[in-house]
Amino acid sequence: MSNLKSDFLRILSERGFINDCTDKEGLDEKAATGTIAAYIGFDCTAPSLHVGSLLPIMMLRWLQKSGHKPIVLMGGGTTRVGDPSGKDESRQLLSDEQIAANMAGIKRVFSSYLTFGDGPSDAIMVNNADWLDGLKYIEFLRDYGRHFSVNRMLSFESVEQRLKRQQHLSFLEFNYMILQAYDFLELSRRHDCVLQMGGSDQWGNIVSGVELGRRIDDAHLFGLTSPLLTTASGAKMGKTAGGAVWLNEEKLPAYDFWQYWRNTHDADVGRFLRLFTELPMDEIARLEALEGQELNEAKKILANEVTAMCRGRAAAEAAAATAQKTFEQGQLGEGLPTVEIAANTIREDGLGIVDALVAAGLCASKGEARRLIRGGGARLDDEKIADENMRLQEDLFTAGPVKLSAGKKRHVRLILKD
RNA sequence: GGAGGGAUGCCCGAGUGGCUAAAGGGGACGGGCUGUAAACCCGUUGGCGUUUGCCUACGUUGGUUCGAAUCCAACUCCCUCCA
C-alpha cells in the first residue's frame with residue numbers, strides 16, 4: 001500500500017480518500033515525476049454545495065498542496081441534462097436562470113479551499129457549457145457517439161439500478177455519461193488534464209472518459225474515485241434536523257455547521273479527521289484513540305478544524321464558544337440562532353407559546369409545536385413548558401434574550417424588537 | 001399500434017364501498033439512559049381549532065352512491081409482453 005512514490009497519492013491513500021483507481025501505478029509514476037492537472041466536476045443543482053462535496057474538494061486541495069494543478073469544472077452544461085447516478089428518480093429540469101444562480105453560489109466556496117491563479121499549480125475553474133452548449137447533434141454522434149456501446153452503458157450501475165427498479169430513465173439522462181466522458185476529453189485537450197476524480201458513484205462516468213480519451217486521442221488518462229461516504233449508522237452524509245449541511249454561510253450558519261461535526265458518531269471520528277482536516281496523521285491517531293467521554297475532545301477538534309477551513313477560524317471559534325456556553329454551562333450562548341419578536345405582536349395579551357415555537361423555526365407547524373410540548377421536549381429558559389396555552393408576556397424580555405429550546409440540541413435566542 | 005399490470009402519507013408498503021387521517025416497517029423528531037456518542041426502551045409523526053369540530057389527502061378530471069383510497073369513465077405517467 002505504501003510503496004507509492006508521489007506525495008499526492010500517498011497522502012490520499014493514507015487518509016482514506018481512495019476507493020478505486022484505473023491505473024494506480026501509472027498515475028503514481030506520473031505524479032511523482034511531474035506536475036499533473038486533475039479535475040472534478042460539480043453540477044449546479046443547488047445554490048450551494050453541501051458536505052457531501054467536501055470530500056472531492058479536499059482531494060483537490062491535497063492535489064494542490066502536493067504541487068499539482070486542480071481544475072474545478074462547473075457543470076453549467078451537464079446540469080441541463082441531469083446526472084442519473086445515485087438518484088432514484090429523474091430530477092426536475094432546472095431552468096437556465098436557476099443553473100446560473102446556483103453556479104454563482106457554488107463558486108464562492110472554492111476560494112476557501114484552493115488558490116486560483118495562472119501559476120503552474122494554481123487552480124482554475126472552467127464551465128463545461130463552454131463546449132457542450134455549442135455541440136452539433138449529428139456531428140457529435142458521428143465523432144463521439146460511435147465510440148459508446150449501448151450494451152455497455154446499460155450495464156453501468158447508474159443505469160442498471162433504474163432499469164432494475166423499474167424506474168423511468170429518460171434518454172436525456174442516459175446521455176449524461178457521454179457528456180461527462182466528453183468533458184474529460186475536452187479538458188485533456190485544453191488543459192492537459194490527465195486525471196478525473198469523483199465519488200465512487202461516478203466510476204462508470206469516469207471510466208467512460210478514460211476510454212474515450214484512449215480511443216480518440218490515444219491519451220493515457222486516469223480515473224480515481226473516493227469511497228461513498230456514509231456515517232457509521234449507514235446514513236448518507238450531510239443530513240441534519242434542519243436539512244442538508246450546506247457549505248455556504250447564507251444557507252447554514254457557522255454554529256449549525258460546527259454542531260454537525262461536533263455530533264459525529266464515535267465510530268466516524270478518526271475517519272473524518274483524516275478526510276476533512278489537515279491534522280498530521282500521528283495527531284489523528286492520538287485523538288481517535290481517546291475513549292469514552294474523552295472522545296468528545298476529538299469531536300470538538302474535528303468541528304473546529306473543519307469549520308475553520310470552510311468558514312474561517314474566527315467563525316469556528318465563535319461557534320465553539322457558543323456551544324460551550326450552551327451545553328457545558330447551560331447558559332445562553334450569543335452565537336445561537338436569534339429570532340426577533342416584534343414587540344407590538346406581544347404587547348396586548350402576549351404571544352402564544354405555540355406560535356413562538358413556530359416563529360422561532362423550531363417547529364414546522366402549530367400542531368408539531370403542541371406535540372413537542374406534550375412530549376415534554378419544549379423548554380423556555382430551561383424550564384419545561386407544561387402548558388401549551390401559555391403566553392409569553394412582554395416583561396419576560398426585560399432581563400434580556402430568552403432561550404427557547406426544542407429538545408436538547410436545538411436552541412434559539414428570542415429577543416424583542418420594537 | 002395491440003394485450004396486460006401499476007400509481008397510496010417523507011420513503012417502502014397494506015388496504016377493494018362506511019369501523020380509514022388510512023395497518024406494518026423504515027426514516028425523522030421528542031422523552032428516558034448517557035458523553036451534545038452508539039445501542040436499547042418509550043412516545044409522536046397531514047393542517048387549523050381545541051371537550052366530541054373543521055379542512056386537506058390515496059396519479060388527474062368527471063360520474064355512480066346516503067356514503068368512495070376502494071365501483072365506473074376518460075385522461076396522464078410508469079412497467080411487462082407482443083408487433
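Reminder, nothing fancy here: chain letters follow the sequence lines and each chain counts from 1.
- With both ends at atom C1', the span from B:rC58 to B:rG17 equals 15 Å, rounded to whole Å.
- For A:Arg410, whose side chain is taken as the heavy atoms from C-beta onward, the closest listed nucleotide among B:rG35, B:rU36, B:rG30 is B:rG30.
- B:rG46 and B:rA57 have their C1' atoms separated by 7 Å, with the value rounded to a whole Å.
- The distance from atom CD of A:Gln259 to atom P of B:rA37 is 10 Å, rounded to the nearest whole Å.
- Atoms CG (A:Leu295) and P (B:rU36) sit 12 Å apart, rounded to a whole Å.
- Summarising the geometry, the separation between CG on A:Asp355 and C1' on B:rU50 is reported as 14 Å, rounded to the nearest angstrom.
- Nucleic acid contact class of A:Thr326 (heavy atoms, under 4.0 Å, all strands): none.
- Here B:rG30 is the nucleotide among B:rG30, B:rU36, B:rA37 with the atom lying nearest to any side-chain atom of A:Leu372.
- Between the side chain of A:Lys408 and the base of B:rU34, at least one donor-acceptor pair of N or O atoms lies under 3.5 Å.
- Heavy atoms of A:Arg262 sit under 4.0 angstrom from at least one base atom.
- Base-pairing analysis of RNA chain B finds the following stems of at least three consecutive Watson-Crick or G-U pairs, with both pairing distances under 3.5 Å: B:1-7 with B:76-82, B:10-12 with B:24-26, B:27-32 with B:40-45, B:46-48 with B:53-55, B:59-63 with B:71-75.
- Distance, A:Phe327 CZ to B:rU34 C1': 15 Å, rounded to whole Å.
- Straight-line distance from the CG atom of A:Asp268 to the P atom of B:rA39: 11 Å, rounded to whole Å.
- On the P atoms, B:rG5 is 13 Å away from B:rC71, given to the nearest whole Å.
- Of the candidate nucleotides B:rG47, B:rU36, B:rA37, B:rG47 has the atom lying nearest to any side-chain atom of A:Arg371.
- Within the nucleic acid shown, A:Gly292 comes within 4.0 Å of at least one base atom, counting heavy atoms only.
- Per the geometry, CD belonging to A:Glu173 stands 12 Å off P belonging to B:rC78, to the nearest Å.
- Nearest approach of A:Phe8 to A:Ser66, heavy atoms of both residues: CB-OG, 3.4 Å.
- Out of B:rU50, B:rU36, B:rG35, the shortest distance to the side chain of A:Gln293 is found at B:rG35.
- For A:Ser226, the side chain to side chain donor-acceptor pair (under 3.5 Å) criterion is met by no residue, not counting sequence neighbours.
- For A:His265, the listed nucleotide lying nearest its side chain is B:rA38; candidates were B:rA38, B:rC29, B:rG32.
- Residue pairs meeting the side chain to side chain donor-acceptor pair (under 3.5 Å) criterion with at least one partner in residues 389-402 of chain A, sequence neighbours excluded, are A:Arg347-A:Glu394.
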Donor-acceptor contacts under 3.5 Å from residues 399-407 of chain A side chains, at least two apart:
from, atom 1, to, atom 2, distance (Å)
A:Lys403, NZ, A:Gln331, O, 3.3
A:Lys403, NZ, A:Asp382, OD1, 3.4
A:Ser405, OG, A:His411, ND1, 2.8

Give every pair of a protein N or O atom and an N or O atom of nucleotides 81-83 of chain B that lie under 3.5 Å apart, one pair per line with the distance.
none

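- Taking the side chain as every heavy atom from C-beta outward, A:Ile57 and A:Ile40 never approach each other to under 4.5 Å.
- Side-chain contact check for A:Gln202 and A:Asp83: at least one donor-acceptor pair (N or O, by modelled atom type) lies under 3.5 Å.
- Rounded to whole angstrom, the span from the CD atom of A:Glu368 across to the P atom of B:rG30 amounts to 9 Å.
- Rounded to whole Å, atom P of B:rA37 lies 7 Å from atom NZ of A:Lys299.
- Comparing B:rG59 with B:rC11, their P atoms sit 13 Å apart, to the nearest whole Å.
- For the C1' atoms, the distance linking B:rG24 with B:rG13 amounts to 8 Å, nearest Å.
- Between B:rG9 and B:rA23, the distance separating the two P atoms is 13 Å to the nearest Å.
- Applying the salt bridge (Lys or Arg N to Asp or Glu O under 4.0 Å) test to every pair with at least one member in residues 55-65 of chain A, sequence neighbours left out, gives these pairs: A:Arg61-A:Glu278, A:Lys65-A:Glu278.
- Projected onto RNA chain B by closest heavy-atom contact, A:Ala323 and A:Ser365 fall at different nucleotides, the more 5' of which corresponds to A:Ala323.
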I'd like a table of donor-acceptor pairs (distance under 3.5 Å, sequence neighbours excluded) in which one partner is a side-chain atom from residues 312-324 of chain A, with atom names and distances.
from, atom 1, to, atom 2, distance (Å)
A:Arg313, NH1, A:Glu305, OE2, 3.4
A:Thr322, OG1, A:Ala318, O, 3.0
A:Thr322, OG1, A:Gly335, N, 3.1

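- Checking B:rU36, B:rG35, B:rG30 against the side-chain heavy atoms of A:Lys409 singles out B:rU36 as nearest.
- Applying the salt bridge (Lys or Arg N to Asp or Glu O under 4.0 Å) test to residues at least two apart or on different chains, the pairs with a partner in residues 123-136 of chain A are A:Arg80-A:Asp133.
- Not a single donor-acceptor pair, N or O on each side, falls under 3.5 Å between the base of B:rU45 and the side chain of A:Arg370.
- Note on A:Glu294: nothing from the nucleic acid sits closer than 4.0 angstrom, heavy atoms only.
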Can you give me every donor-acceptor pair (side chain of residues 106-113 of chain A, partner residue at least two apart or in another chain, under 3.5 Å) with its distance?
from, atom 1, to, atom 2, distance (Å)
A:Arg108, NH2, A:Glu250, OE2, 2.4
A:Ser111, OG, A:Arg108, O, 3.1

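- Inspection of the A:Trp261 and A:Asn304 side chains reveals no N or O donor paired with an N or O acceptor under 3.5 Å.
- The ring pair (Phe, Tyr, Trp, His ring centres under 6.0 Å) check on A:Phe184 picks up A:Tyr39, with sequence neighbours excluded.
- Side-chain atoms of A:Asp122 and A:Thr115 include no donor-acceptor pair closer than 3.5 Å.
- To the nearest whole angstrom, the two P atoms, one in B:rG67 and one in B:rC19, are 14 Å apart.
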Could you list the protein-to-nucleotides 51-57 of chain B atom pairs, N/O on both sides, closer than 3.5 Å?
none

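- Across B:rC66 and B:rU80, the matching P atoms stand 43 Å from one another, rounded to whole Å.
- A ring pair (Phe, Tyr, Trp, His ring centres under 6.0 Å) check over residues 339-370 of chain A, counting only residues at least two apart or in different chains, returns nothing.
- Comparing B:rU36, B:rC48, B:rG32 against the side chain of A:Lys366 picks out B:rC48 as the nearest.
- Residue contacts for A:Gln324: at a heavy-atom cut-off of 4.0 Å it reaches no nucleic acid atom on any strand shown.
- By the 4.0 Å N-to-carboxylate-O rule, A:Glu368 lies too far from A:Arg371 to be salt-bridged with it.
- Looking at which nucleotide of RNA chain B each of A:Val354 and A:Ala406 is closest to, the 5′-most match is held by A:Ala406.
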